[in-house]
Number of protein chains: 2
Amino acid sequence: MSSGRPTLADVAARAGVSLKTASRALNGEYGVAAETARRVLEASRELGFRPNHLARSLASGRQSAAVGLVVSSVSDHFMAAITGTVEGILAPRDLQLVTASHGDDPDRQRRLVRTLVERRVDALLLVPAPGDATYLQPEIEHGLVVVAVDRPLEGVEVDTVTVDNREGARTAVARLIAAGHRRIAMLGWDRRVWTVAERHAGYLTAFDEAGLPVDPDLVLLDYALADDPEAALEALLSGPDPATAVMSAQHSAARSALRVAQRLGRDVDIAVFDEIHDADLLVRPPLVVVSGAERLGAAATTLLLERLDGAAGPSRRVVLAPEYVDAGAADAHARFQAVEPTPLRPFGGSTKAADRPAEVTS
Amino acid sequence: MSSGRPTLADVAARAGVSLKTASRALNGEYGVAAETARRVLEASRELGFRPNHLARSLASGRQSAAVGLVVSSVSDHFMAAITGTVEGILAPRDLQLVTASHGDDPDRQRRLVRTLVERRVDALLLVPAPGDATYLQPEIEHGLVVVAVDRPLEGVEVDTVTVDNREGARTAVARLIAAGHRRIAMLGWDRRVWTVAERHAGYLTAFDEAGLPVDPDLVLLDYALADDPEAALEALLSGPDPATAVMSAQHSAARSALRVAQRLGRDVDIAVFDEIHDADLLVRPPLVVVSGAERLGAAATTLLLERLDGAAGPSRRVVLAPEYVDAGAADAHARFQAVEPTPLRPFGGSTKAADRPAEVTS
DNA sequence: CTGAAAGCGCTTACAG
DNA sequence: CTGAAAGCGCTTACAG
């Protein structure tokens with residue numbers, strides 16, 4: 001039931017006025033006698049009236065003031081960081097957040113999009129699952145605002161915010177190499193995921209630039225899909241010629257690597273993307289953390305709001321400069337604090353705390 | 001705009017049938033000629049028709065199939081863990097999650113509740129902000145299902161799932177005492193939060209049972225509100241008679257304590273509630289982690305679904321037995337994995353992996 | 001300052 | 001198997 005809830009008609013009847021007058025009074029519109037308004041408000045309070053927002057947006061044809069946020073997993077810390085930033089910006093604007101996870105499953109993403117469209121969210125913020133998403137095209141033509149975060153969306157042109165993943169990985173690996181490492185394992189959560197491929201590319205570039213050979217046996221891009229992931233890691237970190245360092249495209253695989261190294265009593269340097277939570281407190285703080293979650297969320301939300309505010313024009317791509325933090329450094333925690341929640345202007349400008357300006361392409 | 005979106009009427013017109021026939025065909029109801037149905041579906045596809053879920057629930061008077069989840073902070077790891085479990089259970093039931101954070105601000109919670117009610121969510125899952133919430137009573141009487149998680153809701157009787165916080169803290173502190181500690185600091189994020197008070201009570205009990213005196217100077221229950229929290233911590237952990245161990249009611253304060261101890265070069269044992277993320281990988285793994293997030297989420301969602309399925313009767317209180325993990329133990333990570341995602345039967349039964357059965361009071 | 005009519009996009013009875 | 005009418009809870013023009 002929409003059960004027993006009083007309607008505007010009930011309020012009007014109780015106040016002895018017409019529907020329209022009741023509506024006017026409750027919405028604080030002009031042209032209601034003070035005494036009439038008082039009676040209406042009183043009736044509303046007595047009945048516990050709550051305007052039906054669904055009916056209202058149906059009748060007015062206005063926006064639903066809801067934004068869908070679709071991510072891999074709502075409980076993942078990287079995604080949670082994005083979610084937090086997004087919510088922090090949307091809430092003051094009275095935009096409700098509807099959240100859902102696709103688990104990197106393209107079909108689930110498709111079904112979620114469908115559901116959210118049927119619920120008439122005004123906009124969709126997507127950390128896209130892998131795979132084709134041309135099915136979004138008609139929705140966009142029908143007025144849905146879509147923004148991709150962290151990964152591009154295949155098959156449609158939409159505003160997109162990513163980090164310069166190649167550059168981030170290249171730099172991180174270069175630092176491992178500079179620290180003397182030659183056998184550097186490359187870990188990815190799921191090779192179908194765009195960021196994994198990009199970060200892998202950066203890894204290869206760093207080796208190339210250093211004139212060093214890459215051992216493909218040290219590359220494990222499907223960590224999440226392995227039968228026994230930690231066994232696979234153990235193989236990389238032991239044996240006659242083991243990896244001495246790890247470049248991980250995701251925090252989760254890096255955590256596993258730390259654990260395995262710990263178990264084996266091996267001394268392993270780690271470089272990792274998006275290690276969100278107090279990296280400085282880990283048994284062995286990563287040599288480099290490349291970060292971006294909060295800035296991604298902030299930039300994407302800004303683009304989204306601009307579209308909701310009516311900005312037209314071709315889709316935009318914002319590429320954020322990676323941030324690097326040495327988690328072992330004395331000021332690591334402070335730097336994390338300072339860097340991450342920076343809501344930035346996504347256009348025409350540099351990311352305030354970044355090493356180099358953001359690139360913007362239209 | 002609800003912009004350009006084709007309506008059922010458009011589909012019907014294109015297929016050359018009445019509204020009702022189009023509706024029937026699209027909903028797969030009985031009594032439509034195969035050929036007619038085909039024409040309707042084709043028209044729908046060509047137009048990119050998406051039924052307006054808002055209009056549908058308005059017309060049908062059915063549930064909106066949306067659940068509001070209101071927590072302190074969507075990006076907090078404890079809350080994210082709850083959110084993940086909740087979503088995992090709701091999604092297969094086609095219930096959409098609408099999320100929002102109150103930041104432990106009672107007024108914000110009230111406004112959020114109001115917004116969500118106006119959006120006609122069928123149910124509200126609340127990690128309550130401190131303070132009176134009797135304003136929920138009329139909503140409940142009008143049919144809103146409300147379930148409180150992690151903390152009770154003041155001023156209304158609703159289904160509630162909590163952990164036995166006193167017992168958890170008592171046991172954790174007892175273990176610190178058993179390990180030889182006498183000067184044990186007690187940290188809480190915000191004393192207005194119910195769990196902080198409960199855990200503090202458990203702390204006091206443990207000292208009492210051990211016949212040991214409590215030093216009130218070691219109790220810091222407003223960590224989040226302190227001007228310079230880490231300075232306050234530093235005071236506790238240094239000086240002539242410093243704390244040698246810390247009982248923290250929240251993961252965040254425990255993390256700070258670790259950091260400060262690290263900085264001071266002090267050797268400090270930690271017991272902590274809800275240290276979610278790989279506690280075994282911390283510089284100094286906590287001696288005891290008391291956990292419950294996923295079980296809280298699962299139990300609360302189960303209660304909520306039962307109510308949505310029509311279960312009547314007085315409100316129920318589920319108190320989950322705390323889980324204890326020694327994060328330094330060899331199998332700590334495995335135990336975390338095994339313990340946390342256990343969706344449990346909240347009634348008449350024990351929590352599978354728990355040390356003792358859950359208590360249920362009606 | 002106030003109200004009666006029509007309509008938002010759909011569904012629920014009720015007829016044929 | 002198909003359709004015309006009425007209504008969900010609100011708002012938007014349009015009158016008075």
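So that the names make sense, note that chain A is the first sequence line, chain B the second, and so on, each numbered from 1.
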Handout entry: Any residue of residues 12-25 of chain A with a heavy atom less than 4.0 Å from an atom of DNA chain C
Key = A:V17, A:S18, A:K20, A:T21, A:R24
Practice task
Can you tell me the distance, in whole Å, between the CG atom of B:D10 and the C1' atom of C:dC8?
Solution key: 13 Å
Exercise for the section: With a 3.5 angstrom cut-off on both distances, give the Watson-Crick or G-U wobble partner of C:dA13, or none if there isn't one. Expected result: none
Handout entry: Lys/Arg N to Asp/Glu carboxylate O, B:E306 vs B:R316, below 4.0 Å
Key = yes
Problem - Nearest-Å distance for atom pair CZ/C1', residues B:R62 and C:dT11 - result: 8 Å
Problem - Whole angstrom value for the distance that separates C1' of D:dG9 from NE2 of B:H142 - result: 15 Å
Problem - Protein-nucleotide distance (B:F49, atom CZ; C:dG9, atom P), rounded to Å - result: 10 Å
Exercise for the section: Go through the side-chain N and O atoms of B:R151 and B:S72 and say whether any donor and acceptor fall under 3.5 Å apart. Expected result: yes
Problem - Minimum side-chain heavy-atom gap A:V156-A:Y135 below 4.5 Å - result: no
Practice task
Calculate the interatomic distance between B:L8 atom CG and C:dT12 atom C1'; express it in whole Å.
Solution key: 14 Å
Exercise for the section: Starting from C1' on C:dG7, measure out to CZ on A:R56 and report it in whole angstrom. Expected result: 17 Å
Handout entry: Residue-phosphate contact under 4.0 Å: B:N27 side-chain N/O, C:dT11 OP1/OP2
Key = yes
Practice task
Could you tell me whether A:T36 contacts a base, only the sugar-phosphate backbone, or nothing, with contacts defined as non-hydrogen atoms closer than 4.0 Å?
Solution key: sugar-phosphate
Practice task
In whole angstrom, give the distance that lies between atom CG of A:L54 and atom P of C:dC10.
Solution key: 13 Å
Practice task
Indicate yes or no: does B:R110 engage B:D132 in a salt bridge with an N to O separation below 4.0 Å.
Solution key: no
Handout entry: Salt bridge present between A:E42 and A:R45 (N-O < 4.0 angstrom)
Key = no
Exercise for the section: Kindly compute the distance separating CG (B:L124) from CG (B:L304), expressed to the nearest 0.5 Å. Expected result: 9.0 Å
Exercise for the section: Quickly work out the A:E29 CD to D:dC10 P distance and round it to whole Å. Expected result: 14 Å
Fill in the blank from the handout: Per atom distances to the B:R120 side chain, the nearest of D:dC1, C:dC1, D:dC10 is D:dC10
Practice task
Could you tell me whether the side chain of A:N52 reaches within less than 4.5 Å of the side chain of B:R120, counting heavy atoms only?
Solution key: yes
